[in-house]
Protein chains: 2
Amino acid sequence: MINALGKYIREKREALRETDRRYTLRKVAGHIGVEPSYLSKIERGETSAYLTEEKIRLLAEYLNEDPDVLLGLSGKISQDVQEIIRRRPQLFAQLIRDLKRMPDHAILKIVREVRDGNW
Amino acid sequence: MINALGKYIREKREALRETDRRYTLRKVAGHIGVEPSYLSKIERGETSAYLTEEKIRLLAEYLNEDPDVLLGLSGKISQDVQEIIRRRPQLFAQLIRDLKRMPDHAILKIVREVRDGNW
DNA sequence: CATATTGTGTAGTATACAATACACAATAAG
DNA sequence: CTTATTGTGTATTGTATACTACACAATATG
């Protein structure tokens with residue numbers, strides 16, 4: 001499985017560090033509850049280094065990033081979203097496959113209409 | 001992770017067997033490429049017995065079932081669907097969460113409109 | 001300059017996942 | 001009634017995932 005998370009969070013962390021010296025690898029590691037050596041492996045994209053969803057969420061919070069994006073970068077999908085799909089697999093699989101080639105704005109339009117209660 | 005697959009496929013296999021004697025556990029196991037003892041464990045819902053997506057697909061074909069349904073029952077989501085979500089995690093996570101409480105017919109309506117190109 | 005901090009290298013661990021191999025008792029078929 | 005077939009029990013295996021522990025060299029700080 002791909003691991004694009006590392007490069008992304010290293011860049012974000014270094015960017016944050018420009019204005020706030022506290023964003024060291026060790027501080028971040030401590031905050032999400034892993035050994036610094038392990039976070040180092042992740043940031044450098046070592047293929048055998050992964051984080052659990054829980055830790056990716058803590059990381060997202062600390063780096064002010066969207067958890068779904070960070071999960072996506074490490075090849076994962078939020079457990080709650082997975083659960084929704086698993087309850088009605090045919091329906092959701094169908095919908096998602098149909099939306100594969102739709103541009104973002106078309107999907108956002110659906111989101112808005114669903115929220116407005118047009119269904 | 002839950003494993004409701006076992007009960008479901010045992011019932012389906014036994015139903016098929018009523019009219020076709022070839023639907024034995026051993027035959028099905030041979031068809032999908034696992035040891036009979038392993039399929040036995042799965043059908044009886046032993047928590048530590050799982051099948052890969054590839055084998056669940058072969059099983060679905062052989063039992064004339066929807067692969068997405070069988071994947072769902074074993075707590076999985078089709079790889080191709082996962083890939084679609086991972087490419088635009090924010091967008092899809094948002095949409096799926098918003099659709100959580102929508103009735104089937106409302107989601108089907110969206111599917112139909114997407115297919116009709118109303119976007 | 002001494003020392004504190006930082007990132008990284010190496011080695012090792014626990015658990016989940018995805019199976020195999022083979023023996024065996026119960027049932028079915030010839 | 002013998003033989004074949006069926007489902008299951010037990011033991012074991014390999015790989016992926018998700019980490020820890022600790023040493024160490026380079027860099028930064030007082």
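The figures that follow rest on heavy atoms only: side chains count, while hydrogens, waters and symmetry mates do not. Note that this is a predicted model, so its numbers are computed, not measured. Lettering of chains follows the sequences in order, A, B, ..., and the numbering in each one begins at 1.
- Here A:R87 pairs with A:E83 under the side-chain hydrogen bond (donor to acceptor under 3.5 Å, both in side chains) rule; sequence neighbours left out.
- In this structure, A:N3 places its CG atom 10 Å from P of D:dA18, rounding to the nearest Å.
- The NZ atom of B:K55 sits 16 Å away from the P atom of C:dC17 (whole-angstrom rounding).
- Partners of B:Y8 under the side-chain hydrogen bond (donor to acceptor under 3.5 Å, both in side chains) rule, at least two apart in sequence or in another chain, are B:E65.
- Note on residues 67-93 of chain B: no pairs pass ring-ring contact (aromatic ring centres under 6.0 Å, His included), not counting sequence neighbours.
- What separates CZ of B:R22 from P of D:dA4 is a distance of 22 Å, to the nearest Å.
- Closest of all the heavy-atom pairs between A:E46 and A:N3 is O-ND2, 4.3 Å.
- B:K76 has a side-chain polar atom (N or O) that falls below the 4.0 Å cut-off from OP1 or OP2 of C:dA18.
- In this model, the phosphate group of D:dG7 is approached by a side-chain N or O of B:R17 to a distance below 4.0 Å at OP1 or OP2.
- The side chain of B:Y50 contributes no N or O atom lying less than 4.0 Å from OP1 or OP2 of C:dA18.
- The phosphate of C:dA19 (OP1 or OP2) has a side-chain N or O of B:T52 nearer than 4.0 angstrom.
- For CG of A:D104, the number of neighbouring non-hydrogen atoms (other residues, nucleotides, ligands) closer than 6.0 Å is greater than 12.
- With respect to A:K7 and A:E11, a salt bridge is recorded, a charged nitrogen being found less than 4.0 Å from a carboxylate O.
- Ion pairing between A:K27 and A:D20 fails under the 4.0 Å rule for side-chain N and carboxylate O.
- Residues A:I107 and A:L91 are members of one and the same hydrophobic cluster, defined by side-chain heavy-atom contacts under 4.5 angstrom among Ile, Leu, Val, Met, Phe, Trp and Tyr.
- Residue A:E46 contributes atom CD, which lies 13 Å from atom C1' of D:dA18 at whole-angstrom precision.
- Taking only side-chain nitrogens and oxygens, A:R10 comes nearer than 4.0 Å to OP1 or OP2 of C:dT8.
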Would you tabulate the pairs of protein nitrogen or oxygen atoms and nucleotide nitrogen or oxygen atoms of nucleotides 27-30 of chain C closer than 3.5 angstrom?
none

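- Proximity of residues 24-44 of chain B to DNA chain C (heavy atom under 4.0 angstrom from any strand atom) is restricted to B:G33, B:V34, B:E35, B:S37, B:Y38.
- One interatomic measurement links the two molecules: CD1 of B:I56 to C1' of C:dA19, which rounds to 13 Å at whole-angstrom precision.
- Every residue two or more places apart in sequence or in another chain was checked for a salt bridge (Lys or Arg N to Asp or Glu O under 4.0 Å) with A:E54, and none qualifies.
- Taking atom CD of A:E14 as the reference point, atom P of D:dT27 lies 15 Å away to the nearest angstrom.
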